[in-house]
Amino acid sequence: MISLDSNLMRDVLISELEIEAKKDKNIILISNEQGAIALDSFRKNLPNQFINAGVSEQNIISAAAGMASAGKKVFVYSIATFITLRCLEQIKLDVGVMNLPVNIIGVGASFSYDVAGPSHHATEDISILRSINNLEIFSPSDNITTKNLLKLI
């Protein structure tokens, strides 16, 4: 799980991922109806490596796990609360228990989406995800750390 504070960090990560995906056809990005300039670029330039799965977070995690088990390098992107807490069971069973390399990218750490209300407040996602076996959590602090993190994973 990668927890990002800002949309700028998200755009840096997805832009860097697009560069890597152009070199590696096994990289797949799955999102759920999220609008972002970096997503638009990835979708336009790599349509066979981008899946807009709609508002179906639980399904996204299960589909990502299936792709990862077939050798794909899967990245999943959404607002942090939606892609973690709404699909906690799928993360635990489909990713954690099976120890699959699914990269979950969540934007909006803590109260980053403060005006959107409590459904968007990611205040307990990291603490809850820490209880899942075989799951690593990264929370980069700036754009440079974000770029380096992508190289690591």
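Basis for what follows: all heavy atoms, side chains included, without hydrogens, waters or symmetry-related copies.
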Sort out for me which residue in V76, L46, I51 forms a side-chain contact (heavy atoms from CB on, under 4.5 Å) with I28.
I51
Side chains of [X] and [Y]: donor-acceptor distance under 3.5 Å anywhere?
{"X": "N52", "Y": "S31", "value": "no"}
{"X": "N26", "Y": "K72", "value": "yes"}
{"X": "N59", "Y": "S62", "value": "no"}
{"X": "E18", "Y": "S41", "value": "yes"}

Considering all heavy atoms, the nearest [X]-[Y] contact:
{"X": "A53", "Y": "S56", "value": "O-OG, 2.9 Å"}
{"X": "T145", "Y": "P140", "value": "CG2-CB, 3.8 Å"}
{"X": "P47", "Y": "N45", "value": "CD-C, 3.5 Å"}
{"X": "N134", "Y": "V97", "value": "ND2-O, 4.4 Å"}
{"X": "I83", "Y": "G106", "value": "CG2-CA, 4.3 Å"}

Are any non-hydrogen side-chain atoms of [X] and [Y] less than 4.5 angstrom apart?
{"X": "L129", "Y": "L88", "result": "yes"}
{"X": "I91", "Y": "I104", "result": "yes"}
{"X": "R130", "Y": "I132", "result": "no"}
{"X": "I14", "Y": "F75", "result": "no"}
{"X": "F50", "Y": "K44", "result": "no"}
{"X": "V95", "Y": "Q90", "result": "no"}

Please tell me whether [X] and [Y] are part of a single hydrophobic cluster in this structure, the criterion being side-chain heavy atoms less than 4.5 Å apart.
{"X": "L152", "Y": "Y77", "value": "yes"}
{"X": "I105", "Y": "V12", "value": "no"}
{"X": "L8", "Y": "L13", "value": "no"}

Straight-line distance of [X] [atom1] to [Y] [atom2], nearest 0.5 Å:
{"X": "I79", "Y": "L85", "atom1": "CD1", "atom2": "CG", "result": "12.5 Å"}
{"X": "E16", "Y": "N148", "atom1": "CD", "atom2": "CG", "result": "9.5 Å"}
{"X": "I61", "Y": "N32", "atom1": "CD1", "atom2": "CG", "result": "9.5 Å"}
{"X": "L17", "Y": "I153", "atom1": "CG", "atom2": "CD1", "result": "8.0 Å"}
{"X": "L93", "Y": "C87", "atom1": "CG", "atom2": "SG", "result": "12.0 Å"}
{"X": "L135", "Y": "K92", "atom1": "CG", "atom2": "NZ", "result": "13.0 Å"}

Given I60 and Q58, is the side-chain contact (heavy atoms from CB on, under 4.5 Å) satisfied, shown in steps?
CA-CA 5 Å; I60 290 170; Q58 295 91 343; over 6 Å; no
Run the salt bridge (Lys or Arg N to Asp or Glu O under 4.0 Å) test on K23 and E20 for me, step by step, so that the C-alpha distance in whole Å, both residues' side-chain angles and the decisive distance to 0.1 Å come before the verdict.
CA-CA 5 Å; K23 297 182 259 182; E20 293 303 314; 3.3 Å; yes
Could you go through D142 and M9, starting from their C-alpha distance and side-chain angles, then the distance that decides it, and tell me whether this counts as side-chain contact (heavy atoms from CB on, under 4.5 Å)?
CA-CA 7 Å; D142 56 36; M9 290 170 68; 5.8 Å; no
Between Q49 and I27, is the side-chain contact (heavy atoms from CB on, under 4.5 Å) condition met? List the steps.
CA-CA 7 Å; Q49 291 171 260; I27 293 176; 4.2 Å; yes
